[in-house]
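In this text, all values refer to a predicted model and were calculated from it rather than measured experimentally.
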Amino acid sequence: MKKYNSLVVVGSQWGDEGKGKMTDYFAQIADIVVRFAGGDNAGHVINFNGQKHKVTIVPSGIFNKRVTNIIANGCVVNLINLVKEFEIIKKSGIEHGNLLISDRVQLILPYHIKIDEAQEESRGENKIGTTKRGIGPAYQDKASRLGIRLGELGDENFKERFKTVFDYQMKFLKNMFNVEPLDFEKTYNDLISAYNEIKDKITNTEVFIESAIKEGKKVLFEGAQGALLDIDHGTYPYVTSSNTSANNASIGSGISHKLIDSTMGVVKAYSTRVGAGAFPTEMKDTIGDGIRERGNEYGSNTKRPRRVGWLDAVALKHAIRTSGIDSIFITLLDVLSGVEEINICVKYEIDGREIDIVPSTNQKYEKCKPIYMKNPGWKEDITKVTSFDQLPDAAKKYLKMIEKICEVNVVGFSVGPDRKQTIILENIF
């Protein structure tokens, strides 16, 4: 099979692994960066030149002026928020790359946000933990064939079609949740205004991506959230509303899977999770609190404190299998400095027996107790390390243990948030 210069970067846990950092790092040598799933609830924080930058739906390669950044068909887009985000990037004074948007992306509309809020509140104690940005309802409409594609906004009869869908949604909100209707003319005019701001960037991105790969250009595919939040293979129902695994890179960008060369999973040196759902290795103690503070484990958009746990190799191997991950990159290794003993979960115990798979139901997963392999910690500050050899012996052993348990190569690690604190052990792109 012919080799191409294409790489998929995906989170391999419950999100927040540092995908944006790694996409930004590889974007320095990429020609194209493609975002293939999710909406503007997936905030990425990128650090360089002593400054912090945040993107939510714009691909993380935007801060490289050479890169063409693509929001592909697998995404859902709040057009008004996208325009605002891109304006902030343009006004930042930083040279930025180009942006293209697939004419097949589904739109997040104001009524999706209202539905998201109402549905989450109606769940009571069984809340999923949605960010209430309308992501789930937008994907619901996509599956129900009630969605609005970005390319439709240029159609002659768009207003008439939009009014039909809008009226249906208002009846649903009123009858189901007793939510007062939105104003159609304002909603329509706001949408068209945002469309006019961005319409020159809308195109058939599938053909653009395919042609670029076949021409030998370096194409980087950027995932959102994490593989364990995948709608099919994640810890359902506490998942997002799209396929976040690397397998969706082809479908979510409209190209053949044969054009994708390799996949790298981004993995935290420990585990975190936001919102509800089973989390076998969760630490509700001072060790976990310390990791949360040192790692600044708070949502980049929501500021919600993340739940913290030891690295879960059972869950990680599940992600490696369902995403076809070829190699992994370990982030936030420096956060574990000072921890006396570091655990890795290698199996679960449930109902008196050991298992090494992630159960399909949350009820069963909640019953799983972690079985740990213990590793010595290290006290040294490693934030200025520039090679594997400079790491303390215990940190080296920890990385090698992860590699051995997961049976994939660790191709690098980070010891801080800046681009310069990224150590690559093997050239994969």
Whether [Y] and [X] form a salt bridge (side-chain N of Lys/Arg under 4.0 Å from carboxylate O of Asp/Glu) is what I want to check.
{"X": "Lys65", "Y": "Glu95", "value": "yes"}
{"X": "Glu206", "Y": "Arg104", "value": "yes"}
{"X": "Glu403", "Y": "Lys400", "value": "yes"}
{"X": "Lys21", "Y": "Asp24", "value": "no"}
{"X": "Glu210", "Y": "Lys214", "value": "yes"}
{"X": "Arg35", "Y": "Glu222", "value": "no"}
{"X": "Asp116", "Y": "Arg133", "value": "no"}

With heavy-atom distances below 4.5 Å as the criterion, would you say the side chains of [X] and [Y] are in contact?
{"X": "Val34", "Y": "Ile209", "result": "yes"}
{"X": "Asp31", "Y": "Thr68", "result": "no"}
{"X": "Ile70", "Y": "Ile101", "result": "no"}
{"X": "Leu391", "Y": "Trp378", "result": "no"}
{"X": "Asn78", "Y": "Ile113", "result": "yes"}
{"X": "Phe177", "Y": "Ser122", "result": "yes"}
{"X": "Asp261", "Y": "Leu7", "result": "no"}
{"X": "Thr281", "Y": "Tyr372", "result": "yes"}

Residue set satisfying salt bridge (Lys or Arg N to Asp or Glu O under 4.0 Å) with Asp381, at least two apart, ordered chain then number -> none

Listed by chain and number, what are the salt bridge (Lys or Arg N to Asp or Glu O under 4.0 Å) partners of Arg123, not counting sequence neighbours?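 For Arg123 the salt bridge (Lys or Arg N to Asp or Glu O under 4.0 Å) partners, ignoring immediate neighbours, are Glu120.
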
Say whether Ser211 and Glu215, considering side chains only, have a donor N or O and an acceptor N or O under 3.5 Å apart.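 No, Glu215 and Ser211 have no side-chain donor paired with an acceptor closer than 3.5 Å.
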
Is it the case that the side chains of Tyr298 and Glu293 hold a donor-acceptor pair, with the cut-off being a distance below 3.5 Å and no angle test? yes

Applying the side-chain contact (heavy atoms from CB on, under 4.5 Å) criterion to Lys268, which one of Leu311, Ile330, Asp16 satisfies it? Asp16

Tell me the closest heavy-atom pair linking [X] and [Y], and the distance in Å.
{"X": "Met22", "Y": "Val9", "value": "CB-CG1, 4.4 Å"}
{"X": "Val76", "Y": "Ile57", "value": "O-CD1, 4.0 Å"}
{"X": "Asp312", "Y": "Tyr365", "value": "OD2-OH, 3.8 Å"}
{"X": "Val408", "Y": "Ile325", "value": "CG1-O, 3.9 Å"}
{"X": "Ala30", "Y": "Phe429", "value": "CB-CE2, 3.9 Å"}
{"X": "Ser262", "Y": "Asp326", "value": "CA-OD2, 3.3 Å"}

Within 45 degrees of the axis of the six-membered ring of Tyr348 and under 6.0 Å from its centre: does Lys369 put its NZ or CZ there? no

Would you find a donor on one side and an acceptor on the other, under 3.5 Å apart, between the side chain of [X] and the backbone of [Y]?
{"X": "Asp103", "Y": "Leu150", "result": "no"}
{"X": "Ser92", "Y": "Ile89", "result": "yes"}
{"X": "Ser250", "Y": "Ser256", "result": "no"}

I'd like to know whether the aromatic ring centres of Phe279 and Trp14 sit less than 6.0 Å apart in this structure. yes

Which label fits Phe86 and His96: parallel for a plane angle under 30°, tilted from 30 to 60°, or perpendicular past 60°? perpendicular

